[in-house]
Amino acid sequence: MPSLKGQPSLRGHGAFDKVFGEGKSFFQFPFQFRYEVPDTQGTSKEVLPGIRLGISISKRRFKRAVDRNLIRRRVREAFRLNRHRWEEAEQALQTGTAIILVYSTNEILDFERIQEGLCKAMLRWCRTNQP
RNA sequence: GCGGUUGCGCGUUCCGCCGCCGGCACCUCGGUGCUGGAGGAAAGUCCGGACAACGCAGAGCGCCAGGCUUUGGAAACAAAGGCCGGGGUAACCCGGCAGAAAGUGCCACAGAAAAGAACCGACCGCAAGGUCAAGGGUGAAAACGUGAGGUAAGAGCUCACGCGCUCCGAUGGUGACAUCGGUUUGGGGUAAACCUCCUGGGUUGCAAGGCCGUGUAUACCGGGGCAGCGUUGCUCGCGCGUUCCCGGGGGGUAGGCCGCUCAGAUAAAUGGUGGAAAUGCCACAAGGCAUACAGAAUCUGGCUUACAGCGCAACCAUUUUU
RNA sequence: CGGGGUGUAGCGCAGUCCGGUUAGCGUACACGUCUGGGGGGCGUGUGGUCGGAGGUUCGAAUCCUCUCACCCCGA
């Protein structure tokens with residue numbers, strides 16, 4: 001998974017399983033957006049502040065490793081370039097949180113489409129976080 | 001010029017901006033600078049090797065792989081050559097290679113018979129019976145082919161020529177083998193059926209294996225200790241022993257480091273965007289579209305599979321001109 | 001990254017080791033029949049590139065090689 005500067009990426013079997021098991025989710029094309037519920041009695045004490053991002057691309061959908069690499073890099077680049085748009089919400093968090101983007105379509109989308117979908121998804125996450 | 005065959009090689013390049021991973025050096029401790037950063041198949045994991053753990057006196061059985069020759073190689077395998085079969089006008093390409101006369105098995109249907117065969121048939125004979133394997137039909141496959149002699153009829157029964165096999169000799173070649181001569185013989189197929197012979201392989205694999213840390217119930221073994229019980233009424237001694245402590249042992253839990261590499265990974269870094277150039281296709285033009293197959297995970301030698309295009313060399317066929 | 005397995009009617013499976021006669025069974029589907037009707041029983045029938053491509057063989061679902069899917073196991 002991508003190691004973004006200053007923001008550790010989401011890694012380790014335990015972390016992934018926790019988000020998939022306990023977290024909430026919604027769907028915004030082309031992603032299934034899974035995120036960790038922030039205030040769980042302060043159990044995540046070792047976690048650094050900010051967003052930890054995980055990207056999941058199914059081997060079932062894309063058989064070739066080249067295709068999975070391409071999609072993952074496009075998603076990560078889109079996240080990096082548009083990060084300023086949800087910076088306020090990110091800094092409002094007291095503790096860190098984890099997000100997993102599950103790429104849920106069978107087509108390899110170009111960068112513009114991925115960027116559009118990612119921004120919509122992130123802004124939607126910001127709204128659910130601060131009502 | 002056009003088309004083709006073979007062997008090699010390349011398989012996009014450059015610049016601007018914003019970024020990623022590793023290493024090194026500074027230092028205000030998370031910034032700055034320097035530097036390295038996917039392939040010919042990295043792939044499939046089909047064979048090898050290194051390396052690691054375990055096993056091992058020596059040998060055998062079993063299993064797996066290979067099987068013409070020479071050379072290279074640790075082995076897989078490769079290159080050149082030989083023979084056989086197939087494709088192409090040609091250059092050339094593709095496939096195969098010990099043993100079926102050591103033995104066992106199988107050969108459906110059809111057919112008399114599928115391996116030491118006899119139904120129809122031919123001949124002798126009144127008949128019983130006997131001799132024979134030419135011709136017939138079946139089948140994927142039927143017991144050397146053609147001609148002549150021979151015979152009751154026939155048959156490699158004999159002869160000539162041809163084909164194949166065994167052995168011997170000569171010449172050429174390192175050799176497989178080729179050519180020629182002689183000799184013996186004429187009894188299918190299948191070993192990607194069992195098998196025989198020769199050669200190679202101990203087994204399991206980096207999730208191997210080692211170190212550190214975390215740390216809970218305790219089958220079992222050894223040592224120590226309090227109380228207790230037994231051994232004679234008591235003491236010593238000896239034995240037993242719930243529980244406690246220490247060590248061994250097996251079972252279970254989340255993680256880090258080494259192995260692990262001047263690419264070197266905790267779920268895994270090489271990207272995004274803009275502009276030129278090159279090549280191909282389309283178009284009168286402006287211009288437009290496309291640039292393959294595909295992404296390292298201990299390293300390495302092969303094999304196989306995928307692959308848009310382009311360049312070079314040799315050769316073949318065809319057309320035109322000289 | 002290493003081991004290992006499975007592809008056969010719409011669905012679930014035999015057959016593959018040891019090649020040959022018709023690729024079989026259950027279920028589903030269609031028709032007939034038993035019943036006043038449903039359910040169920042009985043009978044008949046339809047339905048197969050044996051995952052794909054080469055090879056060995058007279059002959060391949062079966063043997064050999066390559067390839068494509070899917071599924072297990074191993075910190």
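All values below come from the heavy atoms of this structure, side chains included, with hydrogens, waters and symmetry mates left out. Chain identifiers are assigned alphabetically (A, B, ...) following the order of the sequence lines, protein sequences preceding nucleic acid strands; residue numbering begins at 1 within each chain.
- Look at C77(B): its Watson-Crick or wobble partner, with both distances under 3.5 angstrom, is G72(B).
- The residues Glu116(A) and Lys120(A) are annotated as salt-bridged, a charged nitrogen and a carboxylate oxygen being separated by less than 4.0 angstrom.
- A distance of about 11 Å separates the P atoms of G20(C) and C63(C), rounded to the whole Å.
- Here the CG-CZ distance, from Leu109(A) to Arg74(A), works out to 8.5 Å after rounding to the nearest 0.5 Å.
- Across every strand in view, G16(B) sits in a pair with U273(B) that passes the Watson-Crick or G-U test at under 3.5 angstrom.
- With a glycosidic angle no further than 90° from 0, G40(B) counts as syn.
- Ring orientation note: the planes of Phe31(A) and Tyr103(A) are nearly perpendicular, at an angle over 60° on the 30°/60° scale.
- Computed from coordinates, the Gln115(A) CD to G272(B) P distance equals 13 Å when rounded to whole Å.
- Between Arg76(A) and U270(B) there is a side-chain N or O to OP1 or OP2 distance below 4.0 Å.
- Separating the P atom of G145(B) from that of G7(B) is a span of 47 Å, rounded to the nearest Å.
- For G9(B), the O4'-C1' to base torsion is more than 90° from 0; the nucleotide is therefore anti.
- Put simply, CD on Glu116(A) is 19 Å from P on G272(B), counting in whole angstrom units.
- Asn82(A) places its CG atom 12 Å from the C1' atom of G272(B), with the value rounded to the nearest Å.
- Per the geometry, CG belonging to Leu81(A) stands 12 Å off P belonging to G274(B), to the nearest Å.
- A 3.5 Å limit on both hydrogen-bonding distances identifies A148(B) as the Watson-Crick or G-U partner of U158(B).
- Residue Phe111(A) has its side chain nearest to U273(B) when only U273(B), A269(B), G295(B) are considered.
- A continuous path of hydrophobic side-chain contacts links Trp125(A) to Ile55(A) [ILVMFWY only; heavy atoms under 4.5 Å].
- Of the residues near RNA chain B, Arg73(A) and Glu112(A), the one whose nearest nucleotide (by heavy atom distance) lies more toward the 5' end is Arg73(A).
- A gap of 11 Å separates the C1' atoms of A28(C) and G47(C), to the nearest Å.
- Of all nucleotides present, none satisfies the Watson-Crick or G-U wobble test against G139(B) with each distance under 3.5 Å.
- U69(B) sits 12 Å from C97(B) when the C1' atoms are compared, rounded to a whole Å.
- When each of Val75(A), Leu70(A), Asn69(A) is paired with Arg72(A), the side-chain contact (heavy atoms from CB on, under 4.5 Å) condition holds for Asn69(A) and for no other.
- Pair assignment for G252(B) gives none, since no Watson-Crick or G-U wobble pairing has each distance under 3.5 Å.
- Side-chain heavy atoms closer than 4.5 Å link hydrophobic residues (I, L, V, M, F, W, Y) into clusters, and following such links, possibly through other members, connects Ile108(A) to Leu118(A).
- Between C47(B) and G188(B), the distance separating the two P atoms is 40 Å to the nearest Å.
- For U184(B) and A101(B), the C1' atoms lie 15 Å apart once the distance is rounded to whole Å.
- You'll find that the side chain of Arg80(A) is closest to G19(B), out of A294(B), G19(B), G272(B).
- Distance from the side chain of Val66(A) is smallest for G295(B) among the nucleotides G272(B), C20(B), G295(B).
- Going from atom CG of Asn69(A) over to atom P of A43(B) covers 14 Å, rounded to whole Å.
- When the P atom is compared between U138(B) and A112(B), the two are found 11 Å apart, to the nearest whole Å.
- If you measure from atom CZ of Arg68(A) to atom P of A42(B), you get 19 Å, rounded to the nearest angstrom.
- Here the side chain of Arg34(A) pairs no donor or acceptor atom with the backbone of Phe26(A) at under 3.5 angstrom.
- Counting any heavy atom pair closer than 4.0 Å across all strands shown, Arg64(A) reaches sugar-phosphate atoms only and no base atom.
- For G189(B) and C58(C), the C1' atoms lie 10 Å apart once the distance is rounded to whole Å.
- Base orientation for A38(B): syn, the chi torsion being within 90° of 0.
- Straight-line distance from the CG atom of Leu70(A) to the P atom of C293(B): 13 Å, rounded to whole Å.
- Remark: U174(B) base-pairs with no nucleotide; criterion is Watson-Crick or G-U wobble with both hydrogen-bond distances under 3.5 Å.
- Atoms NE2 (His84(A)) and C1' (G19(B)) sit 14 Å apart, rounded to a whole Å.
- In this structure, Arg72(A) reaches the A269(B) phosphate: one of its side-chain N or O atoms is under 4.0 Å from OP1 or OP2.
- Under the Watson-Crick or G-U wobble criterion, with both distances below 3.5 Å, A265(B) is left unpaired in every strand shown.
- The hydrophobic cluster containing Phe33(A) also contains Phe29(A), counting ILVMFWY residues as joined when their side-chain heavy atoms lie under 4.5 angstrom apart, directly or transitively.
- The partner of U44(C) is A30(C), judged by Watson-Crick or G-U wobble contacts that both fall below 3.5 Å.
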